[in-house]
Protein chains: 2
Amino acid sequence: MANITSPARRVFEQNERCPIRNVVAQIGDKWSILILFALVDGPDRFNALKSRIKGISQRMLTQTLRDMERDGYVKRTVYAEVPVKVEYELTELGRGLAKSAWQLVSWADDHFDEISAARTRYDEANKQ
Amino acid sequence: MANITSPARRVFEQNERCPIRNVVAQIGDKWSILILFALVDGPDRFNALKSRIKGISQRMLTQTLRDMERDGYVKRTVYAEVPVKVEYELTELGRGLAKSAWQLVSWADDHFDEISAARTRYDEANKQ
DNA sequence: CGGAATCCGCGTAGATACTG
DNA sequence: CAGTATCTACGCGGATTCCG
């Protein structure tokens, strides 16, 4: 992790070109990552996504998909049928993001117990 | 990315053991990742961190450091000097997280221009 | 079916003042 | 120096209603 310092220096600059404050902050919201992984296996329709992602509201699914489309991660296709059919799929950029994000999620999965234990230990030590 | 499906299935379960909803939600806030990378080069003191991380308030630095300490990413050491000196450093777990998160940040850095272009394109196409 | 529009509560986070 | 305490506001996100 020696070469972590070079672009990490930009982390602390408040300017608009910091990749963390721009990109990571964007996908660090409540639903982006979940939607991202919901689409890795292929395209899906709006209501199908809504069913699979437990707890998401219509409003937030729409809004987050729009943001991801704006960033170029998701492509939206409308089929002129009756009733209308709308499919969402990852772009090449979106698949790249998913692949990178997967490292982090995978790590989180592997160390979930360890983190839980740390939380319990902390709470135990700091309770009245 | 064929093996992405196995733990990704847990992504859509709303329960408390979903590693994404727990860990990523925790470090996906406004400051955690920035603090994480602020500490990869070694321990640092409270006010030194505050100076390096542009824009963070005293309140949020304290609070986020507490949360990271609770999760076991950060170790806090108080030196009984006058005035008091407090050092923060990454634990082994914290360094592991930083290493995994680095994949994502590095990707974001590499594709920043591409994402910016997508945003401009989208805004251009959707303005009145 | 796939939204858009509106309303609104609650939590996050900023600013400020004070302290061991 | 490294916090804590309090107050406040803004925006995220949920619920609901309506529409092409």
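Order of the sequence lines fixes the chain letters, A, B, ..., with proteins taken first and strands second; residue numbering starts at 1 for each chain. Worth knowing before you read on, the calculation uses all heavy atoms, side chains too, and leaves out hydrogens, waters and symmetry mates. Given the structure is predicted, the values throughout are model-derived calculations rather than measurements.
B:Tyr79 places none of its side-chain heavy atoms less than 4.5 Å from the side chain of B:Val84.
Atom CZ in B:Arg76 sits about 16 Å away from atom P in D:dC1, given to the nearest Å. Nucleotide C:dA4 holds its P atom 11 Å from the CG atom of A:Leu65, rounded to whole Å. For the pair A:Ile27 CD1 and D:dC12 P, the interatomic distance rounds to 17 Å; values are reported in whole Å. When rounded to the nearest whole Å, the span between CD of B:Glu81 and C1' of D:dA2 equals 13 Å. As rounded to whole Å, 14 Å separates atom P of C:dG3 from atom CG of A:Asp67. In this structure, the NZ atom of B:Lys50 is 16 Å from the P atom of C:dA13, given to the nearest Å. Nucleotide C:dG3 holds its C1' atom 13 Å from the CZ atom of A:Arg45, rounded to whole Å. Summarising the geometry, the separation between CG on B:Leu61 and C1' on C:dA15 is reported as 16 Å, rounded to the nearest angstrom.
For B:Arg45, the salt bridge (Lys or Arg N to Asp or Glu O under 4.0 Å) criterion is met by no residue, not counting sequence neighbours.
The side chain of A:Arg66 lies closest to C:dG3 when the candidates are D:dA2, C:dG3, C:dC1. Proximity note for A:Thr62 (side chain, C-beta onward) versus D:dC1, D:dG3, C:dA4: the nearest is C:dA4.
What you find for A:Thr91 and A:Gly72 is that their closest heavy atoms are OG1-O, 2.6 Å. Closest approach of B:Leu36 and B:Ala98 over heavy atoms only: CD2-CA, 3.5 Å.
No hydrogens or angles considered: nothing links the side chains of A:Ser116 and A:Asp113 as a donor-acceptor pair under 3.5 Å.
At a threshold of 4.5 Å between side-chain heavy atoms, the hydrophobic network of Ile, Leu, Val, Met, Phe, Trp and Tyr places B:Val78 and B:Leu39 in one connected group. Linking ILVMFWY residues whenever their side-chain heavy atoms come closer than 4.5 Å, directly or via other members, leaves A:Tyr73 and B:Tyr122 in distinct clusters.
The residues B:Glu124 and B:Arg121 are annotated as not salt-bridged, no charged nitrogen and carboxylate oxygen being separated by less than 4.0 angstrom.
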- Message: Would A:Asp109 and A:Ser106 count as a side-chain hydrogen bond (donor to acceptor under 3.5 Å, both in side chains) here? Give the steps.
- Response: CA-CA 5 Å; A:Asp109 193 40; A:Ser106 178; over 6 Å; no
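If you check every strand for non-hydrogen atoms under 4.0 Å, B:Tyr88 touches sugar and phosphate atoms only.
Paired runs in DNA chain C that reach 3 or more consecutive Watson-Crick or G-U pairs, where each pair keeps both distances under 3.5 Å, cover C:1-20 with D:1-20.
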- Reading nucleotides 13-20 of chain D from 5' to 3' and marking B where a protein heavy atom lies under 4.0 Å of the base, S where only the sugar-phosphate is that close, and - otherwise, the string is BBB-----
